[in-house]
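Notes for the one structure printed next.
Naming convention: chains lettered A, B, ... in sequence-line order (proteins, then strands); numbering from 1 in each chain.
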Amino acid sequence: MKEPKRYLVTSALPYANGPVHIGHLAGVYIPSDIYTRYLRLRGKDVISVCGSDEHGVPITIKAKQEGVSPQDIVDKYHAIIKNAFKGLGIDFDIYSRTSSPVHYQTASDFFRTLYDNEKFIEQTSQQYFDPEANQFLADRYITGTCPRCGNDRAYGDQCEKCGSTLNPTDLIDPKSAISGAVPVMKETKHWYLPLDQYEAFLRQWILDGHKEWKPNVYGQCKSWLDMGLQPRAVSRDLDWGIPVPVDGAEGKVLYVWFDAPIGYISATKELTPEWEKYWKDEETKMVHFIGKDNIVFHCIVFPSMLRAHGGYILPENVPANEFLNLENDKISTSRNWAVWLHEYLDEFPGKEDVLRYVLCANAPETKDNDFTWKDFQARNNNELVAVLGNFVNRALVLIQKYYEGVVPAAGSLTDYDRATLAEMPAYRKALEENLETYHFREALKEAMNFARLGNKYLADSEPWKVIKTDPERVKTILNVAMQITANIAIAIEPFMPFTAVKIRQMACLDGLTWEGLGAAGLVPAGHAIGTPELLFEKIEDSVIEAQLAKLEATRQANMAREVKAEPQKPLVSYDDFMKMDIRVAKVVAAEPVPKTKKLLKLTVDTGIDTRVIVSGIAEHYTAGQMVGKQVVVLVNLAPRDLKGITSEGMILMAQDASGKLVVVKPEDETASGSVIS
RNA sequence: GGCGGGAUAGCUCAGCUGGUUAGAGCGCAUGAUUCAUAAUCAUGAGGUCCGGGGUUCAAGUCCCCGUCCCGCUACCA
């Protein structure tokens, strides 16, 4: 793309069922903010849009759990998220939300256009329906007993205890989470976007046209395209969301992944009446900042939607980051294993830039990275305090001390002065190149080089010594030091806007622009600076220990929760129990089921017969370990086909909280067929 | 099981289409310095570039076979 006329930067819409944590920041919002601020500083026409993603089933479930309405949930988290972003200086031009009226209208119109132009296919299918509540049930709205681990609070899409992915029809004894009624199967109609029809276009656009995309993004797209695309449903039976704008679609809403990316468009509409030039003019460069979990939506699905609609531009790049871990463990909202932005802002007032710095310096640009509090402390103390804060402080203090705060005029420059100043344009070039190619870690390092240069210059020039022998020379030295300081204020602005402002205020520097970066004459002789203050302060061990203790408390709480045994299930009668025919059996043969990770095909002698049982234990036992072992089998369980093999019965296993499976077997070898009661 | 990404100094990472003694920041050691938040500056020690084969005059870089980590996907009674 030749020099674009304008830029449109989007940042993944945070899902409004929880606050934002450092993983979101490092992956998406800090990079997008740095990029946007940089473009603004270059005087580009750029807008940055974001907003809360407020629809979808998890929000309705959370609302149910807390006994409030979905609107209450999204109002709560929208406010927290929006404030937290503002607190960290994540400077969107608009932070909207998908429950806004403009978005309803935009998403409806978008759907309607595709519908009218016959871009969808309609399909009917059988789905669970709650006769009492009179509505279809999303997968998450059906609870029942997990067929695998026996957890009686499994959801229709997943058992959270054993991690199994389920279909609603898999659940034993399914119940509606809304009314508790037993759901019935009923026919329902949905609309699908036939992604397969866009495969050729996507191949050409991405695989041929965007080889410059990051390896993780490009590779993931190629993987999907090579697997072959399937039609995807764009509607759901749910009462929370944007109604499908078609006659006879009562009780149906747009599927959340369909309406969420349209949120970028709606936000732009809310921001400016000129929104169309950002979305429909080929000379606009659109960039999506996202995490790696969103690659397929932003590179495959959303572009297909835009293409189906017609008239819209496509993203020029999608610089997705990997994930950030916290203290060697995966960040998890449900396990409360996170550093929450709103809490950080409370606990570390005035240290917004420290977090911005650390998360950028340690951003997961090429692979998953780890955030540790020790690293946070080290980067603050050894880099921000020692290098950046220290240089600015010593330069300003010296000017204050020797010249009462008035920048002295430079005399004739020595070769060394010139060589030092000549470094700066090269730093600028490297900084810009890295920013424009989304290498923010590297770019930050370049920005810090200005401060390193300053420290070296002062150490080599030794004004505190020279002042005794050649006071005239010191004027030149401190003039040069002041020029470097002004350059720092410009260079760090995209990364650390608060600090940049502090330097400007402290040194009374107005009118610095990016165009001046690298130049030597930014501050005229005679300019009066203010009183130097420290930009950063050291972070003591005790502060870090407190944060680690907080995490340790979370870990303990999580463990206590896991160790706690499941509550007892409802009572059953003796007759119920006697319906189950449980026998001792012996494994006579075992082999892994091809093309599966968890399945073993076991041939067992039940005493009654020799039969085949397929069991999901391959991650815990090898085939060899199972042969000859006595096991306990529920023999009158209805048969079921697994991977084309009919499984007749279930091997009883014990499972601990971590999901580890252990075979249950008789204490002493017993005859096969022995009845257990 | 299929696919994608990653593996380079103690830590976090650069290393473009293969080409002189593999680099940076932090940490560490030694020395210098004292304007500065014991901050700074210089020098140095640290690397079978995950393992094993191969192509080549030449491989961290290309090919093949493995191992480990992350993700997507299938499967999960």
Side-chain angles (χ1 to χ4, degrees), chain A residues 145-150 159 162-167 170-172 214-227 291-293 295-296 320 322-323 325 330 358 361-370 372 374-375 378-379 381-387 389-402 434 439 441-442 444-446 448-449 452 454-467 474 477-478 481 532 534-538 592-600 613-619 634 637-640 642-643 647 649-653:
Chain A
T145 302
C146 173
R148 176 141 178 265
C149 71
C159 171
C162 65
S164 301
T165 305
L166 304 170
N167 289 315
D170 295 337
L171 291 175
I172 300 164
K214 291 174 62 170
N216 57 340
V217 177
Y218 187 89
Q220 175 105 153
C221 291
K222 187 168 187 314
S223 174
W224 270 72
L225 290 169
D226 288 347
M227 267 190 297
K292 68 171 159 183
D293 52 335
I295 290 173
V296 63
E322 302 284 305
F323 286 157
N325 292 326
K330 198 177 290 190
V358 172
N362 195 23
E365 288 180 3
T366 50
K367 62 169 186 194
D368 290 0
N369 261 348
D370 197 29
T372 65
K374 200 166 155 270
D375 181 66
R379 288 190 186 275
N381 292 358
N382 304 329
E383 297 173 29
L384 291 178
V385 172
V387 178
N390 183 39
F391 169 68
V392 172
N393 185 243
R394 58 202 297 218
L396 298 185
V397 163
L398 285 169
I399 291 172
Q400 196 61 252
K401 196 161 169 175
Y402 297 151
N434 279 303
H439 295 120
R441 261 189 330 220
E442 202 59 31
L444 178 56
K445 223 180 245 184
E446 290 297 336
M448 289 294 283
N449 271 340
R452 287 181 218 291
N455 276 320
K456 181 170 162 51
Y457 179 73
L458 284 186
D460 290 343
S461 310
E462 301 179 304
W464 49 90
K465 262 189 195 169
V466 178
I467 192 78
V474 173
I477 295 172
L478 290 185
L534 297 178
L535 293 176
F536 301 99
E537 59 181 13
K538 287 202 150 203
V593 178
K595 299 200 169 195
T596 68
K597 196 156 62 180
K598 298 184 178 177
L599 299 185
L600 284 186
I613 294 177
V614 178
S615 189
I617 57 173
E619 288 180 317
L634 177 61
L637 181 68
R640 180 165 173 134
L642 285 171
K643 278 292 188 182
S647 177
M650 177 157 80
I651 313 260
L652 301 190
M653 313 281 295

Practice prompt. Using a 4.0 Å heavy-atom cut-off across all strands, classify A/Glu462 as base, sugar-phosphate, or nothing.
Written response: nothing
Item to complete: Under the side-chain contact (heavy atoms from CB on, under 4.5 Å) rule, collect the residues that match up with A/Glu442, sequence neighbours excluded.
Response: A/Asn434, A/His439, A/Lys445
Item to complete: Between B/rA9 and B/rG46, how far apart are the P atoms? Round to whole Å, please.
Response: 15 Å
Review item, nucleotides 65-67 of chain B N/O atoms under 3.5 Å of protein N/O:
none

Discussion item. Could you tell me how far B/rG18 sits from B/rG10 if I compare only their C1' atoms? Round to whole Å.
Written reply: 30 Å
Discussion item. For a quick check of understanding: with a heavy-atom distance under 4.0 Å over all strands, which category does A/Pro215 fall into, base, sugar-phosphate or nothing?
Written reply: sugar-phosphate
Using a cutoff of under 3.5 Å, can you pull out all pairs of nitrogen or oxygen atoms linking the protein to nucleotides 37-41 of chain B, with atom names and distances?
residue	atom	partner	partner atom	Å
B/rU37	N3	A/Phe536	O	2.6
B/rU37	O4	A/Phe536	N	3.3
B/rU37	O4	A/Phe536	O	2.5
B/rA39	OP1	A/Lys538	NZ	2.5
B/rA39	O2'	A/Ala386	O	3.2
B/rA39	O2'	A/Asn390	ND2	2.8
B/rU40	O2'	A/Arg394	NH1	3.1

Worksheet item: Looking only at heavy atoms, which two atoms of A/Ala320 and A/Asn216 are closest? And how far apart?
Response: O-ND2, 3.3 Å
Response to the item:
Atom CD of A/Gln220 and atom C1' of B/rG6 are separated, to the nearest Å, by 14 Å
Worksheet item: What residues, two or more places apart in sequence or in another chain, satisfy side-chain hydrogen bond (donor to acceptor under 3.5 Å, both in side chains) together with A/Asn382?
Response: none
Worksheet item: Distance between the P atoms of B/rU40 and B/rG25, in whole angstroms?
Response: 13 Å
Discussion item. Just the rounded figure in Å: distance from P of B/rC26 to CZ of A/Arg441.
Written reply: 17 Å
Worksheet item: How many Å lie between NZ on A/Lys222 and C1' on B/rG4, as a whole number?
Response: 10 Å
Discussion item. When the C1' atoms of B/rC64 and B/rA45 are compared, how many Å lie between them, rounded to an integer?
Written reply: 38 Å
Discussion item. For the CG atom of A/Leu634 and the CD1 atom of A/Ile613, what is their distance to the nearest 0.5 Å?
Written reply: 9.0 Å
Worksheet entry | Contact summary for A/Thr366 and A/Arg441, nearest pair of heavy atoms | OG1-NH2, 3.8 Å
Discussion item. Rounded to whole Å, please give me the gap between CD in A/Glu442 and P in B/rC26.
Written reply: 14 Å
Worksheet item: Given the C1' atoms of B/rA58 and B/rA74, what is the spacing between them in whole Å?
Response: 44 Å
Fill in: Within 6.0 angstrom of A/Glu537 CD, more than 12 heavy atoms from elsewhere
no
Discussion item. Can you tell me how far apart CD (A/Glu383) and CZ (A/Arg452) are? Round to the nearest 0.5 Å.
Written reply: 6.5 Å
Item to complete: Remember a base hit wins even if backbone is also touched, and classify A/Lys465 as base, sugar-phosphate or nothing at under 4.0 Å, heavy atoms.
Response: sugar-phosphate
Item to complete: Under 3.5 Å for both distances, Watson-Crick or G-U wobble, that's the pair rule; now give the dot-bracket for RNA chain B, with | marking pairs to another strand and [ ] for crossing ones.
Response: (((((((..((((.....[...)))).(((((.......))))).....(((((..]....))))))))))))....
Worksheet item: How long is the line joining CG of A/Asn449 and P of B/rA24, in whole Å?
Response: 12 Å
List, one per line, each side-chain donor-acceptor pair under 3.5 Å for residues 458-467 of chain A, sequence neighbours excluded.
residue	atom	partner	partner atom	Å
A/Asp460	OD2	A/Tyr416	OH	2.5
A/Asp460	OD2	A/Lys456	NZ	3.1
A/Ser461	OG	A/Tyr457	O	2.7
A/Glu462	OE2	A/Lys465	NZ	3.3

Fill in: For atom CG of A/Leu444 and atom P of B/rU12, their distance in whole Å
18 Å
Discussion item. So does A/Asp370 get a backbone contact from the side chain of A/Asn362, meaning a donor-acceptor N/O pair under 3.5 Å?
Written reply: yes
Discussion item. Regarding A/Lys214, tell me which of base, sugar-phosphate or nothing describes its non-hydrogen contacts under 4.0 Å with the strands shown.
Written reply: nothing
Worksheet, complete the sentence: Of A/Gly649 and A/Lys401, the one whose closest nucleotide on RNA chain B sits nearer the 5' end is A/Lys401
Practice prompt. Can you sort out the partners of A/Asn455 under side-chain hydrogen bond (donor to acceptor under 3.5 Å, both in side chains), two or more places apart, ordered by chain and number?
Written response: A/Arg394
Worksheet, complete the sentence: Distance col, row A/Asn449:CG vs A/Leu444:CG, nearest 0.5 angstrom, shows 10.0 Å
Fill in: Distance, rounded to the nearest Å, where A/Asp226 contributes CG and B/rG4 contributes P
8 Å
Worksheet item: When you measure from the side chain of A/Glu383, which nucleotide among B/rC35, B/rG4, B/rC26 comes out closest?
Response: B/rC26
Discussion item. Roughly how many Å apart are B/rG4 and B/rG52, using the C1' atom of each and rounding to a whole number?
Written reply: 24 Å
Discussion item. Measure NZ/A/Lys445 against C1'/B/rC26 and give the value in whole Å, please.
Written reply: 9 Å
Item to complete: Mind checking the CG-CG spacing from A/Leu396 to A/Leu534? Nearest 0.5 Å is all I need.
Response: 11.0 Å
Discussion item. Restricting to non-hydrogen atoms, name the atom on A/Phe536 and the atom on A/Leu384 that form the minimum distance, rounded to 0.1 Å.
Written reply: CD1-O, 3.4 Å
Worksheet entry | side-chain hydrogen bond (donor to acceptor under 3.5 Å, both in side chains) partners of A/Glu365, counting only residues at least two apart | none
Worksheet entry | Pairwise P distance, B/rA32 and B/rU37 [rounded to whole Å] | 23 Å
Worksheet item: Are A/Thr366 and B/rU12 close enough that a side-chain N or O sits under 4.0 Å from OP1 or OP2?
Response: no
Item to complete: Determine, for A/Lys292 against A/Glu322, whether the closest basic-nitrogen to carboxylate-oxygen distance falls under 4.0 angstrom.
Response: yes
Between protein and nucleic acid, restricted to nucleotides 29-32 of chain B and to nitrogen or oxygen atoms under 3.5 Å apart, what atom pairs and distances do you find?
none

Quick test: give all pairs of protein nitrogen or oxygen and nucleotides 8-10 of chain B nitrogen or oxygen below 3.5 Å, distance rounded to 0.1 Å.
none

Discussion item. Can you work out whether A/Pro364 or A/Ile613 has the more 5'-proximal nearest nucleotide on RNA chain B?
Written reply: A/Pro364
Discussion item. Checking A/Ile399 now: which residues fulfil side-chain contact (heavy atoms from CB on, under 4.5 Å) with it, not counting sequence neighbours?
Written reply: A/Leu478, A/Met482, A/Ile529
Considering only nitrogen or oxygen atoms on both sides, find all protein atoms under 3.5 Å from nucleotides 68-70 of chain B and state each distance.
residue	atom	partner	partner atom	Å
B/rC70	O2'	A/Lys292	NZ	2.8
B/rC70	O2'	A/Asp368	OD2	2.5

Item to complete: Sticking with atom P, work out how far B/rA29 lies from B/rG53, rounded to a whole angstrom.
Response: 39 Å
Practice prompt. Report the distance from atom CG of A/Asp375 to atom CZ of A/Arg379, rounding to the nearest 0.5 Å.
Written response: 4.5 Å
Practice prompt. Pull up the glycosidic torsion of B/rG66 and say syn or anti, syn being anything within 90° of 0.
Written response: anti
Worksheet entry | For the student: nearest non-hydrogen atoms of A/Cys221 and A/Ile295, plus distance | SG-CG2, 4.2 Å
